[in-house]
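Each remark here refers to the structure printed beneath this line.
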Amino acid sequence: MAASCSEAELYTSDDFVESAGAVLFRVAARKILVLHTRSGEYVLAKGRRNCGESRRAAAQREVAEESGLACRLLPLDMSTRAPPPEPALISPLFLASPTGEYADEIQRDPGGGDHHADVSRSYAGVCEPFAMQIRRLGNNGGGGVKIIWWFAATVADEDKVPTFDSMTPAERERFDAVAFVSFDEALQRLTFEQDREVVRRAIALVGRTYYGE
């Protein structure tokens with residue numbers, strides 16, 4: 001029996017959990033939402049994906065539950081290894097990848113079919129995860145791994161202010177403050193370095209897409 005040519009790990013459904021979160025922006029004000037837990041940590045909005053729920057929907061729901069703010073995902077100009085959509089689904093916002101022609105990215109499959117090369121491509125205006133984290137869970141967490149998908153988002157209502165009372169009861173037990181702060185302040189406040197890495201990447205992509213940086 002042949003072995004895989006790539007290193008691989010297999011996790012069954014009871015050995016992994018998927019989460020989704022979003023870096024929530026007020027784009028015009030150049031601010032980001034941060035939450036403060038009752039245990040003293042500054043974090044980003046995220047949580048576990050429910051059965052049957054898409055990653056995008058999970059990220060939006062978690063932001064709403066933890067901040068009391070409805071949000072929409074931010075289309076970004078970004079690179080990703082996800083192949084382009086089927087021709088019928090391509091929107092005018094999409095830019096062709098490096099060569100400028102989708103056809104140039106298609107390789108002939110020796111078996112008779114066509115497939116897109118597994119390379120990073122640049123797109124405009126896509127709502128794809130811009131980062132993914134893998135956390136290995138200790139025995140207290142049941143073992144296995146947690147996979148976290150990160151999106152960029154913006155508030156649906158720019159005038160609405162997050163308040164403690166707008167959180168769900170469960171989130172009020174976990175958090176004691178929620179606020180929009182400047183980019184620099186968010187990077188200073190966030191407790192975990194990986195959260196800061198996520199925010200740095202989000203700021204760079206939003207800057208490229210919306211500020212012309």
Side-chain angles (χ1 to χ4, degrees), residues 4-11 13 16-25 27-28 32 44-64 70-135 145-156 194-195 197-213:
S4 171
C5 59
S6 302
E7 244 184 75
E9 295 181 9
L10 175 67
Y11 295 95
S13 56
F16 71 87
V17 61
E18 272 193 296
S19 290
V23 180
L24 185 64
F25 286 83
V27 177
I32 288 172
L44 302 169
K46 69 175 183 306
R48 289 175 294 177
R49 182 183 67 81
N50 297 331
C51 281
E53 186 178 35
S54 72
R55 293 166 184 158
R56 294 182 184 191
Q60 290 175 281
R61 174 182 55 76
E62 287 293 338
V63 168
C71 72
R72 58 181 177 82
L73 299 185
L74 269 178
L76 296 174
D77 299 347
M78 61 182 283
S79 298
T80 174
R81 288 176 68 166
E86 295 300 319
L89 301 178
I90 295 175
S91 93
L93 287 174
F94 273 105
L95 292 178
S97 65
T99 60
E101 295 290 341
Y102 283 113
D104 289 347
E105 294 297 329
I106 297 178
Q107 296 181 337
R108 176 66 61 181
D109 187 327
D114 291 329
H115 66 276
H116 292 279
D118 183 10
V119 296
S120 180
R121 300 173 176 81
S122 296
Y123 301 101
V126 292
C127 293
E128 292 291 317
F130 68 84
M132 183 268 286
Q133 287 175 293
I134 298 178
R135 293 183 182 174
V145 296
K146 176 185 285 188
I147 302 164
I148 308 170
W149 302 95
W150 288 104
F151 295 85
T154 186
V155 289
Q194 280 211 344
D195 284 352
E197 289 179 15
V198 166
V199 166
R200 289 188 195 102
R201 178 61 176 164
I203 290 172
L205 290 171
V206 169
R208 178 192 307 169
T209 306
Y210 296 95
Y211 307 141
E213 295 176 350

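Residue Ile32 holds its CD1 atom at 9.0 Å from CG of Leu24, rounded to the nearest 0.5 Å. Taken from CD in Glu18 to CZ in Arg49, the straight-line distance is 4.5 Å, to the nearest 0.5 Å.
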Practice item. Check the pair Phe151 / Arg55 against side-chain contact (heavy atoms from CB on, under 4.5 Å), numbers first and verdict last. Key: CA-CA 9 Å; Phe151 295 85; Arg55 293 166 184 158; 4.1 Å; yes
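Every residue two or more places apart in sequence or in another chain that forms a salt bridge (charged side-chain N to carboxylate O under 4.0 Å, His left out) with Glu53 is listed here: Arg61. The side-chain contact (heavy atoms from CB on, under 4.5 Å) search around Arg48 returns Val17, Ser19, not counting sequence neighbours. Under the side-chain contact (heavy atoms from CB on, under 4.5 Å) criterion, Ile134 pairs with Met132, Val145, sequence neighbours left out. The salt bridge (charged side-chain N to carboxylate O under 4.0 Å, His left out) check on Arg56 picks up Glu128, with sequence neighbours excluded.
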For a quick test of your reading: what N or O donor-acceptor pairs under 3.5 Å do the side chains of residues 71-80 make, sequence neighbours left out?
{"residue": "Asp77", "atom": "OD1", "partner": "Gly125", "partner atom": "N", "Å": "3.1"}
{"residue": "Ser79", "atom": "OG", "partner": "Ser122", "partner atom": "OG", "Å": "3.2"}
{"residue": "Thr80", "atom": "OG1", "partner": "Ala82", "partner atom": "N", "Å": "3.1"}

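Counting all heavy atoms, side chain and backbone alike, Ala202 lies closest to Phe130 at CB-CZ, 3.6 Å. What you find for Val119 and Arg121 is that their closest heavy atoms are O-NH1, 3.3 Å.
Put simply, the side chain of Pro129 does not reach to within 4.5 Å of the side chain of Trp150, judged on heavy atoms.
Within the structure, the side chain to side chain donor-acceptor pair (under 3.5 Å) test picks out the following pairs touching residues 197-209 (sequence neighbours left out): Glu193-Arg200.
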